[in-house]
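Okay, so here's the structure we're looking at.
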Amino acid sequence: MQKQVRTALLMAASLFMDMMDGTIVTSAIPRIAEAFHVQESTASLLVSSYIIALAVLIPLSGRLGERYGHKKIWMYAVGGFTITSFLSALSTSFYMLLAMRIMQGISASLMTPTARIIVMEKTPPKDMLRMTSFLIWPALIAPALAPVLGGILVTSLSWHWIFLINIPLGIVCLLLGQRLIPPGVPYVDRHFGSAGFAEIATMSTLLLAAGDMASRGAVYYRPSLVLLAIGLVIGLYFCRHLCRAESPLFSPWPMKIASFRISQTGESFLWLSVGALPYLLTVFLQSYFGWSPVKAGMYILFIFLGNIGIKPFTTFIIEHIRYKKTFYLAFFWIFVSSFGFALATPSTPGIILIILAVFSGMGRSLSLTAYNGLCFSELRHEERNDANTLTAVTSNLATGLGISLITVVNAVSAHIAGMEKGYEISFLFLGILMIYPIIETSMLPDNIGENTLKR
């Protein structure tokens, strides 16, 4: 068990490297634009290209892991991510940097799902809650830490360091991975659903491109709606393909199991909020309160402290009040903190903002731990690879769309009601997103997830 815990922590470190790199670049966009003499809107392609490359190629990871072994694919992915990080820092033109960012996204698309399946593939249900708790912290820490760390590196050193910091972490992961990760699974020869892959790749590209385009201003709303509509139609065709194909890209049948299904539906709403709140709060404190980026970033860190502060108690809470009540408690904290931020003004005492940030972080940490504890709890071992691929697709799409969605909500509401009301509506919107998971939770059986709890 001790080796399994060390492996889970190693996989979490690789996930942290990926998630940090997906957001930290935002802090360096102005400096990179200045260095390469391009517009900031052009430089922002460094963020969207990474997210799109990551989301589009995730479905390949499951099949490659089956064929060549999950360890081998993870090692290649971490190695590729480390090398492209180094080359990103050495870029002599914007287009070289953009190409390296796309290559980073491709490496991350193989690393993210593979890291999860390495941990979960052989984990028995009774240990599922403990093991998944180690995999949650990168998703909680990276969005809160990235703006602060990125701002410090760019201000104190240069934009190159947001890529160079990946190199020592990547090397350490490779050395430990070679020692800790067991050999890969035997070769599995399954037909690759190329039609399904083309459909989901096109859908992911169109949805993320629509979100990125919409976040750039009202002039792009109409073409982004067109892309969104086409993406949704292709998504429906993809769902139809999964249900009818003899050898689909991955099996949709785990969706029949409630404990897995809610991790694709209710958790997606949560991922939208997880990705959006740190960004919205950062912009809110700088634009409306007039705070400096460093001061605003320090308050964002209290979300991170809430995430970490509740973490030692999440398993205890779930085991003692069970999953259903845990979800209610977590959603209540998120709901209240979002509405609290909606009521905040420049005269609001800083301690109130700190308390709200901490409760927001606690709610997200607790709910994501509960979702991940349930996700694979009732699936057979042979179903976990396909289920893991589907989970990676939905979570990355939701996270990628979160910032775009809240940017559009804030821009539209500010245009209609003014900046102050715009932020108020945006925070209320993030709270309202929790209504669906609350309704979904109310329909779950009271004893859901009992096989993951200590008896």
Original post:
Looking only at atom types and distance, does a side-chain atom of N410 sit under 3.5 Å from a main-chain N or O of I406, one as donor and one as acceptor?
Top reply: no
**OP:** Taking all heavy atoms of G266 and all of P437, pick out the closest pair and write down the distance.
**Re:** O-CG, 3.7 Å
Original post:
Considering residues at least two apart in sequence or located in another chain, which fulfil the side-chain contact (heavy atoms from CB on, under 4.5 Å) criterion with S268?
Top reply: T394, A398
Original post:
When you look at CZ of F94, are more than 12 heavy atoms from neighbouring residues, nucleotides or ligands closer to it than 6.0 Å?
Top reply: yes
Original post:
Can you tell me how far the CG atom of L433 sits from the CG atom of L270, to the nearest 0.5 Å?
Top reply: 9.5 Å
Original post:
Which distance, rounded to the nearest 0.5 Å, do you find between the CD1 of I106 and the CG of L110?
Top reply: 8.5 Å
Under 3.5 Å, side-chain donor or acceptor atoms of residues 296-305 against the rest of the protein: list the pairs with distances, not counting sequence neighbours.
none

Original post:
When rounded to the nearest 0.5 angstrom, what distance separates CZ in R261 from CG in L444?
Top reply: 8.5 Å
Subject >> side-chain contact (heavy atoms from CB on, under 4.5 Å) between L430 and L272, intermediate numbers included >> reply: CA-CA 8 Å; L430 292 182; L272 287 171; over 6 Å; no
Original post:
What residues form a side-chain contact (heavy atoms from CB on, under 4.5 Å) with S263, not counting sequence neighbours?
Top reply: F260, E267, C375
Original post:
Hey, are the side chains of L277 and R364 touching, using non-hydrogen atoms and a 4.5 Å cut-off?
Top reply: yes
Subject >> Intermediate values then yes/no, side-chain contact (heavy atoms from CB on, under 4.5 Å), K324 and T441 >> reply: CA-CA 6 Å; K324 193 168 182 177; T441 298; 3.9 Å; yes
Original post:
Heavy atoms, side chains only, cut-off 4.5 Å: are S338 and I334 in contact?
Top reply: yes
**OP:** Could I get the full list of side-chain contact (heavy atoms from CB on, under 4.5 Å) partners for Y436, not counting sequence neighbours?
**Re:** T265, F269, E440
Subject >> Between CG on residue L90 and CE on residue M100, distance to nearest 0.5 Å >> reply: 10.5 Å
Original post:
Going through the distances and angles, do M11 and W74 end up as a side-chain contact (heavy atoms from CB on, under 4.5 Å)?
Top reply: CA-CA 9 Å; M11 295 301 104; W74 182 85; 3.4 Å; yes
Original post:
Heavy atoms, side chains only, cut-off 4.5 Å: are W333 and S360 in contact?
Top reply: no
Subject >> Test log, rule side chain to side chain donor-acceptor pair (under 3.5 Å), inputs R101 and Q104 >> reply: CA-CA 5 Å; R101 284 292 285 172; Q104 274 188 311; 3.1 Å; yes
Original post:
Should F36 and L97 be marked as a side-chain contact (heavy atoms from CB on, under 4.5 Å) after you check the CA-CA gap, both sets of side-chain angles, and the distance that decides it?
Top reply: CA-CA 10 Å; F36 291 119; L97 179 56; 3.9 Å; yes
**OP:** Using the ring pair (Phe, Tyr, Trp, His ring centres under 6.0 Å) rule, pick out the option among F427, F335, F284 that qualifies with F341.
**Re:** F427
Original post:
What is the distance from atom OH of Y328 to atom OG of S367, rounded to the nearest 0.5 Å?
Top reply: 14.5 Å
Original post:
How would you list, by chain and number, every residue that makes a ring pair (Phe, Tyr, Trp, His ring centres under 6.0 Å) with Y50, sequence neighbours excluded?
Top reply: none
Original post:
So T326 and R322, side chain to side chain donor-acceptor pair (under 3.5 Å) or not? Walk me through it.
Top reply: CA-CA 6 Å; T326 296; R322 299 310 194 241; over 6 Å; no
Original post:
How long is the gap from OG on S91 to CD1 on I32, to the nearest 0.5 Å?
Top reply: 9.0 Å
Original post:
Is the backbone N or O of F81 less than 3.5 Å from a side-chain atom of T84, with the two atoms forming a donor-acceptor pair by type?
Top reply: yes
Subject >> Shortest non-hydrogen contact between I310 and N307, atoms and distance >> reply: CG2-O, 3.4 Å
**OP:** Using a 4.5 Å cut-off on heavy atoms from C-beta on, say whether the side chain of T314 contacts that of S365.
**Re:** yes
Pairs under 3.5 angstrom only: tabulate donor-acceptor contacts from the side chains of residues 162-182 to other protein residues two or more places apart or in another chain.
unit_1 : atom_1 : unit_2 : atom_2 : d
N166   : ND2    : D21    : OD1    : 2.7
N166   : ND2    : S85    : OG     : 3.1

Original post:
Between F327 and Y371, does the ring centroid distance fall short of 6.0 Å?
Top reply: yes
Original post:
Just wondering, more than 12 heavy atoms not from M75 lying within 6.0 Å of its CE?
Top reply: yes
